[in-house]
Colleague: 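One structure, as structure tokens, below. Some questions next.
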Amino acid sequence: RIDDKWGAIYHYVTSSRYFEAIKRYFDQFGRQNVHVILFEDFVADPVREVRGVCRFIGVRDDFDFQTDVKTNRSGAPKSATLARAIGPNRLTSFAKSVLPRKLGVQIKTWLMDRNTGAKEPVPESTRARLRDTFATEIADLETLLGRKPGWGDPASSRPAKHPAPD
């Protein structure tokens, strides 16, 4: 995709290399001035991680952080028909023209939440290729951070079962 001049958002491998970027921040600003959060830690305990950010930047951390709402959840649609119905089309264009914006967003969000199923599992062959591709990156990052991010462990992320499409 890089050779075909696709946008940077599609350069998945390049944009998934964090070692150089984090090292550059450490070198530029000092390790003590850079706060790194691993995704796995954030998912496991978002309140702890947000409070850690508050403490890091020197603000109060005693708020009741609401972390129960999931936004931009990804996964395979349970119903391809419903996914098409709530996507861009004449029906949704009409609904936008007659419903207040906030209500339309609430309805669409409600429908999408109920129609979003599990993510498709990543085949083991792809996982193995990714582990090989990022082996050096993971080792360098572990050394830089002084801890394991858990990305190289196939047991650290078990895929969910994918429901059958309609």
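FYI, the numbering just counts along the sequence from 1.
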Colleague: Quick one: side chain to side chain donor-acceptor pair (under 3.5 Å) partners of Q66, sequence neighbours excluded?
Modeller: D64

Colleague: Closest approach of K108 and I86, non-hydrogen atoms and distance?
Modeller: CE-O, 3.5 Å

Colleague: My understanding is that only residues two or more places apart in sequence, or in another chain, count here; which of them pass salt bridge (charged side-chain N to carboxylate O under 4.0 Å, His left out) with D62?
Modeller: R60

Colleague: Give the C-alpha distance, both sets of side-chain angles, the deciding distance and a yes or no for side-chain contact (heavy atoms from CB on, under 4.5 Å) between T126 and R129.
Modeller: CA-CA 5 Å; T126 302; R129 192 181 73 219; 4.2 Å; yes

Colleague: For R55, enumerate each residue passing the salt bridge (charged side-chain N to carboxylate O under 4.0 Å, His left out) test, keeping only those at least two apart in sequence or located in another chain.
Modeller: D61

Colleague: Please name all residues satisfying side chain to side chain contact (heavy atoms under 4.5 Å, CB included) with I22, sequence neighbours left out, ordered by chain then number.
Modeller: Y18, F26, V36, L141, L144, L145

Colleague: Is any side-chain heavy atom of L130 closer than 4.5 Å to one of R127?
Modeller: no

Colleague: Does this structure show an ion pair linking E124 with R131, if we count only N-O contacts that are shorter than 4.0 Å?
Modeller: yes

Colleague: What pairs of donor and acceptor atoms, side-chain ones from residues 90-99 against any protein atom, are under 3.5 angstrom apart with sequence neighbours left out?
Modeller:
from, atom 1, to, atom 2, distance (Å)
T92, OG1, G87, O, 2.9
T92, OG1, N89, N, 3.0
T92, OG1, N89, O, 3.1
T92, OG1, N89, OD1, 3.4
S93, OG, N89, O, 3.0
S97, OG, F94, O, 2.6

Colleague: Taking only residues two or more places apart in sequence or in another chain, which ones pass ring-ring contact (aromatic ring centres under 6.0 Å, His included) with F42?
Modeller: none

Colleague: So, for K119 and S74, which heavy atoms are closest and what is the spacing to 0.1 Å?
Modeller: CE-OG, 2.9 Å

Colleague: Going by the rule salt bridge (charged side-chain N to carboxylate O under 4.0 Å, His left out), which residues pair with K23 if we only count those two or more places apart in sequence or in a different chain?
Modeller: D27

Colleague: Quick one: list whatever passes side chain to side chain donor-acceptor pair (under 3.5 Å) with R114, sequence neighbours left out.
Modeller: none

Colleague: Once side chain to side chain donor-acceptor pair (under 3.5 Å) is applied, do any residues pair with R51, and if so which ones, sequence neighbours excluded?
Modeller: none

Colleague: NE2/H35 to SG/C54 distance, rounded to the nearest 0.5 angstrom?
Modeller: 9.5 Å

Colleague: Considering residues at least two apart in sequence or located in another chain, which fulfil the ring-ring contact (aromatic ring centres under 6.0 Å, His included) criterion with Y25?
Modeller: F29

Colleague: In terms of hydrophobic clustering (I, L, V, M, F, W, Y; side-chain heavy atoms under 4.5 Å; direct or indirect links), are I37 and V50 co-clustered?
Modeller: yes

Colleague: Quick one, K148 and L38 - any side-chain contact, counting heavy atoms below 4.5 Å?
Modeller: no

Colleague: In the structure I gave you, are the side-chain heavy atoms of D41 and R147 within less than 4.5 Å of one another anywhere?
Modeller: yes

Colleague: Under the 3.5 angstrom rule, does the side chain of T116 hit a backbone N or O of M112 as a donor-acceptor pair?
Modeller: yes

Colleague: In chain order, what residues pass the salt bridge (charged side-chain N to carboxylate O under 4.0 Å, His left out) check against R48, with sequence neighbours excluded?
Modeller: D45

Colleague: Test of understanding: with side chain to side chain donor-acceptor pair (under 3.5 Å), list the residues that count as partners of D113, not counting sequence neighbours.
Modeller: none

Colleague: I need the minimum non-hydrogen distance between A44 and P46, along with the two atoms involved.
Modeller: C-CD, 4.0 Å

Colleague: In terms of hydrophobic clusters joined by side-chain contacts under 4.5 Å, are I57 and V34 together?
Modeller: no

Colleague: Between S16 and F134, is any pair of side-chain heavy atoms under 4.5 Å apart?
Modeller: yes

Colleague: With a 4.5 Å limit on heavy-atom distance, are the side chains of T143 and D140 in contact?
Modeller: no

Colleague: Take K102 and V105 through the side-chain contact (heavy atoms from CB on, under 4.5 Å) test and state the conclusion after the steps.
Modeller: CA-CA 5 Å; K102 186 175 180 178; V105 168; 5.9 Å; no

